[in-house]
Amino acid sequence: MHPKPHRGTRLLAGVALVALVSGACVKSDPPGVSISEVKTSAKFGFEEKDKKLADFDVPQEDTAFAGATELPTLPELPPLSRPTPRAPAVRGNPDCPEAQVDAFPKDFATVQVKGQPTEGTYKWKRDLVVKVNRVSNPKNPFLVQQGVPETRFIRRVTKSSTVPHEFRFEMVAPDATTSNVVITSFLVNNNPALVANERVDARTIGVVDVPGYDLRVPPPNDMPGVYITKIENKDAKNATVFSFSPVRPMLILPLEEGIIRTGQTFSSYGVDPTTGDVLANEGNVGRTSRVDACGEVVEGYSVTLDQSYTRDVNTADPATELDKYGARQLTRTLHYVFAPQYGLLPIAENLSIGELTDQQALIVRRSLAGLKAEPLPPSIK
């Protein structure tokens with residue numbers, strides 16, 4: 001049984017109720033400006049059914065992945081290994097397949113000559129031979145060969161007994177247009193010493209700006225470089241058809257400090273005292289060049305020689321030929337590629353004499369067809 005409320009308590013409650021009703025019905029206008037009404041579309045509360053928005057019925061966390069499939073366990077990756085080299089692509093000549101486009105050389109070219117070339121018999125190929133002769137055969141002036149295999153010999157590799165950084169070797173190659181052979185004798189001097197090696201700063205003389213340059217002076221009596229000491233052309237009976245033997249070795253590739261320097265330019269010449277032939281060279285050392293040696297990529301450094309050779313002038317008709325020579329219609333360019341990592345082994349040789357529009361011209365491009373050397377035949381040694 002609950003106790004009855006006190007009479008005083010009921011009186012106070014009644015007074016409070018009267019005061020609340022009176023405050024709601026009777027209002028006094030306060031001074032100043034006031035907001036009497038605000039119209040808005042905002043809702044301050046939702047019914048239970050409005051809690052679910054269209055297309056956004058997101059499940060609770062405890063049921064979100066209830067029906068999901070577990071991810072499979074990934075197998076461990078095998079350790080990284082170098083890719084297996086692909087076989088060369090066989091196109092055209094099956095005896096000389098082409099290297100893959102992503103093939104790299106086994107040994108990259110070095111700026112210094114390492115060792116000496118290996119004696120032996122090497123396979124080469126004639127990439128292109130074009131002979132122009134409008135004089136003898138005006139109806140069919142072009143003789144074209146391509147992909148013809150040939151054989152070259154590297155022989156008589158000898159190291160100097162007095163100069164430790166010097167050696168010699170000979171290259172025996174078939175003539176591209178006859179049955180003769182061409183024997184080229186090379187001298188290689190690797191002397192790393194320099195008399196002077198300094199940088200000359202740029203300066204202005206009067207109003208002329210003189211650019212800076214590197215001054216490198218090798219010993220005058222022991223100059224480093226690759227030289228040609230003799231060129232012979234012999235027929236099938238081993239008789240000499242012609243010979244070019246300069247008084248001094250003719251420079252074809254500088255080796256200042258024993259180093260191949262890309263972009264270097266140089267000049268050289270050779271004079272044969274017996275025949276009076278003169279061969280002048282304006283040379284430029286190129287960048288590394290790669291040769292497709294029948295599926296095997298071989299890298300070397302290139303050198304280009306723009307040559308002026310008196311033998312190119314036909315002395316039987318000096319008036320006409322000298323006019324052509326003076327008009328630059330007769331030109332000679334020799335391009336070598338040497339592999340210094342293999343003792344300066346020649347791996348490519350290009351020769352062009354004249355232009356295709358001349359009465360007579362010759363273009364020959366030949367390159368190595370394999371690094372493997374077979375023994376020299378007794379007749380070649």
Side-chain angles (χ1 to χ4, degrees), residues 88-99 120-154 170-184 228 231-242 244 289-298 300 302-307 309 311-312 314 329-339 345-374 377 380:
V90 179
R91 300 185 182 94
N93 186 1
D95 295 329
C96 186
E98 296 180 5
T121 303
Y122 290 86
K123 292 182 179 180
W124 276 58
K125 59 183 183 300
R126 300 180 186 180
D127 300 315
L128 179 65
V129 176
V130 179
K131 186 176 182 181
V132 181
N133 190 352
R134 293 186 172 89
V135 178
S136 301
N137 193 353
K139 294 183 179 180
N140 188 19
F142 290 94
L143 171 65
V144 181
Q145 291 181 346
Q146 191 173 6
V148 178
E150 67 177 34
T151 302
R152 292 199 178 196
F153 307 100
I154 298 296
E170 291 182 358
M171 179 174 62
V172 183
D175 193 303
T177 58
T178 67
S179 58
N180 298 348
V181 296
V182 180
I183 304 172
T184 306
I228 287 180
I231 302 175
E232 292 181 284
N233 191 305
K234 295 187 175 184
D235 60 17
K237 297 181 180 180
N238 204 32
T240 301
V241 177
F242 79 88
F244 177 74
S289 180
R290 293 180 179 179
V291 172
D292 184 355
C294 292
E296 183 177 11
V297 178
V298 185
S302 62
V303 57
T304 301
L305 305 171
D306 292 327
Q307 300 180 323
Y309 191 32
R311 187 175 288 273
D312 290 338
N314 184 3
Q329 293 183 7
L330 272 178
T331 58
R332 170 184 283 257
T333 302
L334 180 61
H335 178 85
Y336 277 117
V337 180
F338 295 100
L345 177 72
I347 61 174
E349 177 185 306
N350 301 335
L351 173 65
S352 63
I353 301 175
E355 304 291 339
L356 294 179
T357 55
D358 293 341
Q359 294 296 311
Q360 294 181 340
L362 177 65
I363 298 175
V364 181
R365 297 177 181 175
R366 297 183 284 187
S367 61
L368 186 71
L371 274 173
K372 184 179 179 180
E374 301 292 338
I380 295 296

Determine, stepwise, if the pair Asp306 / Thr304 fulfils side-chain hydrogen bond (donor to acceptor under 3.5 Å, both in side chains).
CA-CA 7 Å; Asp306 292 327; Thr304 301; over 6 Å; no
Taking Ala99's backbone N and O only, do any of them form a donor-acceptor pair with Asp292's side chain (distance below 3.5 Å, no angle check)?
yes
In Å, rounded to the nearest 0.5 Å, how long is the span from CZ of Arg290 to CD1 of Ile347?
11.0 Å
Student check: side-chain heavy atoms of Ile353 and Tyr309 closer than 4.5 Å:
no
Please check this pair: side chain of Asn133 against backbone of Asn137, looking for a donor-acceptor N/O pair closer than 3.5 Å.
no
Where do Arg366 and Ala176 come nearest, in terms of heavy atoms and distance?
NH1-N, 3.9 Å
Less than 4.5 Å apart, any side-chain heavy atom of Glu98 and any of Cys294?
no
Looking only at non-hydrogen atoms, find the nearest pair between Ala361 and Glu355 and report the distance.
CB-O, 3.1 Å
Leu345 vs Leu371, test: side-chain contact (heavy atoms from CB on, under 4.5 Å). Steps then yes/no.
CA-CA 10 Å; Leu345 177 72; Leu371 274 173; 4.1 Å; yes
Of all heavy-atom pairs between Asp127 and Ser367, which one has the smallest distance, and what is that distance?
OD2-OG, 2.7 Å
Can you name the nearest heavy-atom pair linking Ala373 to Gly120, along with the distance?
CB-CA, 4.2 Å
Flag yes if more than 12 heavy atoms outside Arg126 fall under 6.0 Å of its CZ atom; otherwise flag no.
yes
Could you check whether atom NZ of Lys123 has more than 12 heavy atoms from other residues, nucleotides or ligands sitting under 6.0 Å from it?
no
Inter-residue atom distance Glu232.CD - Phe242.CZ, 0.5 Å rounding:
9.5 Å
Which value, rounded to the nearest 0.5 Å, describes the distance between Gln360 atom CD and Ser136 atom OG?
6.5 Å
What closest approach, in Å, do Pro377 and Thr121 show between heavy atoms, and which atom pair accounts for it?
CD-OG1, 3.6 Å
Check whether any side-chain heavy atom of Val291 lies under 4.5 Å from a side-chain heavy atom of Glu296, and answer yes or no.
no
Would you give the length of the straight line joining atom CG of Leu368 to atom OH of Tyr122, rounded to the nearest 0.5 angstrom?
8.0 Å
Smallest separation among heavy atoms of Trp124 and Pro346, with atom names:
CZ2-O, 3.2 Å
How about Val132 and Phe142: do any of their side-chain heavy atoms sit closer than 4.5 Å?
yes
Rounding to 0.5 Å, atoms CD (Glu150) and CD (Gln145) come to a distance of 9.5 Å
Assess whether side-chain contact (heavy atoms from CB on, under 4.5 Å) is satisfied between Val241 and Asn180, documenting all intermediate values.
CA-CA 9 Å; Val241 177; Asn180 298 348; 3.7 Å; yes
Side-chain heavy atoms of Arg332 within contact of Leu351, under 4.5 Å:
yes
dist Tyr336:OH -> Asn350:CG (nearest 0.5 Å) comes out at 10.5 Å
Evaluation steps, side-chain contact (heavy atoms from CB on, under 4.5 Å), between Val182 and Met171:
CA-CA 8 Å; Val182 180; Met171 179 174 62; over 6 Å; no
Residue that, paired with Leu362, satisfies side chain to side chain contact (heavy atoms under 4.5 Å, CB included) out of Thr177, Leu143, Val130
Thr177
